[in-house]
Amino acid sequence: MFAVIRTGGKQYRVAAEDVIKVEKVKGDPGEIVQFGEVLVVGGDDVTLGVPTIAGASVAAEVLEQGRGAKVIAFKKRRRKNSRRKRGHRQEFTLLRVTEILTDGAKPTVTARAKPERKPKPAVAASEDGDDAEESAAPKAKAAKKPAKAAAKKPAAKKADKPKSAAKGKKK
C-alpha cells in the first residue's frame, strides 16, 4: 500500500517503513507525527482525493531534526564594485513512515525504542592477579617534548636606492 502526501509545499509518495526527508515539521526525535493531507491512497484499488481523501492520514516517526548543506547566494554587478554573499542552510526533518491510515483511524504503532548499548564484557581474570591490575589501569600518556625556540632572523633591509622625484616628468 502506498500514499501520496503533501507537506511543506511538496508531494511525496510514501509506503510503510520508508525514510523520507521533508521540510521542517514540529516534533522531537522519537515522536509520532500525522499528515492529514493525503492526495492518493493506492494498493489493490486506488483512491483519488478531491483534492484530499477525507479520513485518511499517514503516521510517521521523527528520526532527526537537522539542517542541510550550506547554499551560497553570490550576486555581483560587474563594473559597479557591488557584490553580496549570503549563505543559507535549509532545515529538514527525517521521518520513517510507520503506517498509512484510512477511515479516520488513529495510529497504532508507537515510536520504536532506541536500542540500548550492551555493556562491554569484563576482562576474564587470569591466574596472576598482577596482569589483571596492569591491564585495568589506564596507560599514562607520553610526556610532551619541549618545543624548540625558533631563532628569529633579522629582517632583510632593502637596498638603498636613490629616490626619483616624480616619475614621468621631465626637467
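Because only heavy atoms are used, hydrogens play no part in the values below, and waters and symmetry mates are left out as well, while side chains stay in.
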Can you establish whether the number of heavy atoms outside K21 located under 6.0 Å from its atom NZ is more than 12? no

Does the side chain of [X] reach to within under 4.5 Å of the side chain of [Y], using non-hydrogen atoms?
X    : Y   : answer
I53  : L39 : no
V38  : V4  : no
T93  : V62 : yes
P107 : E99 : yes
K80  : R78 : no
D18  : R96 : no
Q34  : S57 : yes

Treat each ILVMFWY residue as a node, draw an edge where side-chain heavy atoms are under 4.5 Å apart, and state whether [X] and [Y] are in one component.
X    : Y    : answer
V58  : L101 : no
I5   : V25  : yes
V41  : L95  : yes
I100 : V33  : yes
V14  : F35  : yes

Does anything in residues 2-15 form a side chain to side chain donor-acceptor pair (under 3.5 Å)? List the pairs, not counting sequence neighbours. R6-E37, K10-E23

What distance separates [X] [atom1] from [Y] [atom2], expressed to the nearest 0.5 Å?
X   : Y   : atom1 : atom2 : result
K26 : Q65 : NZ    : CD    : 11.5 Å
K70 : Q90 : NZ    : CD    : 14.0 Å
K76 : R83 : NZ    : CZ    : 7.0 Å

Side chains of E61 and T98: is there a donor and an acceptor less than 3.5 Å apart? no

Examine distances only and state if a side-chain atom of R89 and a backbone atom of G68 form a donor-acceptor pair shorter than 3.5 Å. yes

For a side chain to side chain contact (heavy atoms under 4.5 Å, CB included) check, start with the C-alpha distance between V46 and V40, then their side-chain angles and the critical distance, and finish with the verdict. CA-CA 7 Å; V46 177; V40 177; 3.9 Å; yes

Side chain to side chain contact (heavy atoms under 4.5 Å, CB included) assessment of R86 paired with I72: CA-CA 6 Å; R86 282 191 181 163; I72 296 182; over 6 Å; no

Looking at residues at least two apart in the chain, or sitting in another chain, which of them share a side-chain hydrogen bond (donor to acceptor under 3.5 Å, both in side chains) with R79? none

